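When reading the values below, keep in mind they use all heavy atoms of this one structure, side chains included, and skip hydrogens, waters and symmetry mates. Quick caveat: nothing in here was measured; it's all calculated off a predicted structure. Order of the sequence lines fixes the chain letters, A, B, ..., with proteins taken first and strands second; residue numbering starts at 1 for each chain.
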Protein chains: 2
Amino acid sequence: MSNTMKRLAILGSTGSIGQQTLDIVRTFPNKFRVIGLAGGENSGLLAKQVSEFQPQLVYSALKLDLPGKAEFSSMEEIASHPDVDLVVIATTGKTGLTPALAAIRASKKIALANKEILVMAGRIITAEAKQHRAQILPIDSEHSAIWQCLRGEKGEVARLILTASGGPFYRYSPSQLAKVTAEEALQHPTWKMGRKVTIDSATLMNKGLEAIEAHWLFSIPFSKIEIVIHPQSIIHSLVEFMDGSLKAQLSFPDMHLPIQYALSYPRRLPNSELPRLDLVRVKALNFEPVTYHNFPCLRLALEAAKRGGTYPAVLCAADEIATHLFLAGQTSFPGIAEIVAKTIDLHRGIANPTLDEILAADTWGRETAANIATKESLC
Amino acid sequence: MSNTMKRLAILGSTGSIGQQTLDIVRTFPNKFRVIGLAGGENSGLLAKQVSEFQPQLVYSALKLDLPGKAEFSSMEEIASHPDVDLVVIATTGKTGLTPALAAIRASKKIALANKEILVMAGRIITAEAKQHRAQILPIDSEHSAIWQCLRGEKGEVARLILTASGGPFYRYSPSQLAKVTAEEALQHPTWKMGRKVTIDSATLMNKGLEAIEAHWLFSIPFSKIEIVIHPQSIIHSLVEFMDGSLKAQLSFPDMHLPIQYALSYPRRLPNSELPRLDLVRVKALNFEPVTYHNFPCLRLALEAAKRGGTYPAVLCAADEIATHLFLAGQTSFPGIAEIVAKTIDLHRGIANPTLDEILAADTWGRETAANIATKESLC
């Protein structure tokens with residue numbers, strides 16, 4: 001194994017980001033080696049990944065026959081194993097929270113795709129990362145863009161400008177939004193992503209979660225984080241500096257690029273498999289203001305962010321339940337925001353919560369959201 | 001004087017860039033102090049600048065009464081004076097060449113707006129700068145953009161993409177171009193600049209000179225420098241990295257910003273007098289391919305760049321004469337390119353020329369271009 005080989009643990013390897021991370025490993029077999037894999041419900045795919053990448057350590061949510069020398073471990077053990085340099089956290093919801101903390105406490109580099117971890121427990125995660133000198137490298141395209149724009153700068157930031165495609169329904173009227181089906185919501189105009197984040201993109205909840213993630217990743221107050229609609233998803237985000245100069249990061253919308261950047265950082269690797277951007281073919285990059293009234297999830301997220309404490313955890317929990325119900329055809333598209341709003345209304349927040357209090361708020365949020373949905377469907 | 005005060009010499013202080021440099025000094029009286037000023041034919045303005053900024057050293061092309069303790073010096077003396085930290089070279093044409101070399105040999109920082117210096121003598125200037133550890137900081141908005149995008153990067157560059165507004169005549173037909181007047185050509189759609197560079201922007205000669213400047217400033221081969229038409233002049237240029245990621249620098253088009261960046265680098269200073277960019281108000285950023293056939297000056301510049309040696313110096317010299325003749329109503333707009341093309345055709349280039357050979361080529365280019373113009377007007 002060469003000195004420059006990075007040894008990876010990939011938590012959530014069977015999801016969209018996990019699979020694309022393994023694409024990058026396939027492209028650069030001399031740069032990256034997989035030490036650990038953790039998969040969820042798609043155990044068939046996990047078994048294939050294990051036999052292809054031959055990790056030492058495997059976590060599987062479901063029963064799995066392990067080939068060769070691989071051993072079963074917990075996600076926390078994989079994330080903190082001495083042979084691992086960088087932990088890709090591509091789990092969803094709160095699943096990655098305690099493994100992320102384990103990796104941080106073992107001073108690992110973390111490539112973070114699971115934004116709920118920072119949304120729920122940003123204060124704890126960033127404080128622990130500082131204490132243990134664990135670097136958190138963003139994978140989300142917007143945060144990767146900001147991170148790239150901040151590279152080499154002295155932090156003299158005036159504003160972060162998160163771009164949002166607006167999702168498939170940006171120009172829909174309220175009556176059109178009421179009729180949106182799960183199938184329609186899963187057709188994102190510019191990005192190919194997992195199901196949960198695709199629905200969050202359609203409600204713009206995702207952009208709200210990203211604002212919270214940006215707040216913690218870059219230590220920027222919410223008053224300096226703006227959102228602008230940019231339908232083409234070519235400019236992934238911008239930073240305005242104190243002198244009025246802005247920097248933007250651009251690419252063809254493909255998650256392989258920010259994943260590769262987090263893996264290879266501080267180097268950049270030539271990858272002929274990634275699509276190139278041709279501005280002349282793109283022709284125009286457009287910008288529009290965000291209209292909050294049709295997308296209450298975005299407003300709910302920004303309000304929860306400002307209230308802080310356990311509110312963002314409850315927001316995430318309620319959104320996960322509500323999105324799940326929408327995908328199962330058990331609530332309408334506007335119903336997602338209604339369930340989240342009612343859950344938050346019932347919550348009595350705790351300021352500066354401990355990890356246990358955050359996890360309790362998560363459980364309370366899930367139960368409350370589910371109860372609200374059941375009552376509504378009985379009415 | 002505080003330790004953080006930068007002591008400036010400004011060569012070409014009465015020109016457009018020189019005046020805007022002094023605006024920045026006015027805004028930050030505790031950050032910058034003017035040690036030397038050098039002015040050309042506008043001695044009235046120079047006298048005012050001298051009494052306002054009270055420099056120790058003054059160069060004037062015309063007779064001038066010096067107030068207070070200021071002393072007359074040559075531009076070379078000012079540029080290399082021990083009390084000077086940073087030399088702003090905002091002269092035009094070849095005027096700044098020997099002062100720039102004097103500053104470099106005295107290991108000064110140079111903020112360079114006079115692009116002809118690198119076009120004519122890029123190999124000598126960059127070699128001397130390396131030898132004497134003199135930093136060359138670009139002021140041109142395109143090069144400032146590239147420099148900002150490269151900040152903190154490890155030089156893993158795939159392409160530089162220079163943006164060009166296209167100037168006032170980008171959609172003109174050849175018959176329309178033939179009738180263009182100097183007054184029309186001086187109305188640039190997005191930038192307020194000096195007369196010579198405004199005409200160079202209308203012919204696109206300026207973009208060719210910028211490609212040569214970028215080649216020398218960033219050690220990038222011409223094959224990796226592209227030009228794209230971007231009518232709004234909001235994205236000032238872009239860098240594509242090896243991994244396919246692009247970074248762009250954006251701002252409202254105002255030269256104060258790149259000037260200030262070069263003066264304050266590596267810091268950025270908050271300046272409420274600079275206009276802020278609002279992407280929502282901008283609405284769209286457009287891109288088009290360059291059409292070379294209507295803008296032969298751009299093609300001539302890129303050809304001269306590839307031939308190298310004394311050709312770029314002859315290009316600059318002939319362009320200066322031809323532009324001057326156009327401004328004086330003595331040749332047509334297409335006549336500029338014709339005079340430059342004929343001059344270059346007659347030139348017998350020298351590879352790896354010395355400074356004297358470059359200056360001789362410049363003199364030859366001016367005389368030849370003037371002769372060609374005279375003969376044409378006699379025909």
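For Asn286(B), the parts lying near chain A are the backbone and the side chain together; criterion is any non-hydrogen pair under 4.5 Å. Looking at Glu240(B), only its side chain comes within 4.5 Å of chain A, counting heavy atoms on both sides. Proximity to chain B involves both the backbone and the side chain of Pro266(A), based on heavy atoms less than 4.5 angstrom apart. Using a 4.5 Å cut-off between heavy atoms, Gln260(B) contacts chain A through its side chain alone, with no backbone atom that close. Heavy atoms of Pro275(B) lying under 4.5 Å from chain A are absent altogether. Proximity to chain A (any heavy atom under 4.5 Å) is restricted, for Arg276(B), to the side chain, taken from C-beta onward.
Side chain of His256(A) to backbone of Leu274(A): no donor-acceptor contact under 3.5 angstrom is found. Lys6(A) places a side-chain N or O within 3.5 Å of a backbone atom of Leu263(A) that can act as its donor or acceptor partner.
In terms of heavy-atom pairs under 4.5 angstrom with chain A, the leader among Lys247(B), Arg281(B), His236(B) is Lys247(B). Interface check for chain A: of the options Gln249(B), Arg267(B), Gln148(B), His230(B), the most heavy-atom pairs under 4.5 Å are formed by Arg267(B). When each of Ala248(A), Ala158(A), Gly244(A) is scored by its heavy-atom pairs under 4.5 Å with chain B, the top score falls to Ala248(A). Options Pro258(A), Gly152(A), Ser144(A) differ in how many heavy-atom pairs under 4.5 Å they form with chain B, and the most are formed by Gly152(A). Ranked by non-hydrogen atom pairs under 4.5 Å with chain B, the options Ser272(A), Ser245(A), Ala284(A) are led by Ser245(A). Taking Asn271(B), Ile229(B), Leu257(B) one by one and counting their heavy-atom pairs under 4.5 Å with chain A, the maximum is reached by Leu257(B).
Relative ring orientation between Tyr261(B) and Trp147(B) is described as perpendicular, the plane-to-plane angle rising above 60° on a 0-90° scale split at 30° and 60°.
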*May I have the step-by-step check of side chain to side chain contact (heavy atoms under 4.5 Å, CB included) for Leu238(A) and Leu279(B), ending in yes or no?*
CA-CA 11 Å; Leu238(A) 307 94; Leu279(B) 285 173; 3.8 Å; yes
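The residues Lys115(A) and Glu142(A) are annotated as not salt-bridged, no charged nitrogen and carboxylate oxygen being separated by less than 4.0 angstrom. A salt bridge is absent between Arg26(B) and Glu273(B); no separation between the charged side-chain nitrogens and carboxylate oxygens falls under 4.0 Å. Note on Lys306(B) versus Glu303(B): no salt bridge recorded, every NZ/NE/NH1/NH2 to OD/OE distance being 4.0 Å or above.
Remark: Ile259(B) CD1 to Leu137(B) CG distance equals 13.0 Å, nearest 0.5 Å.
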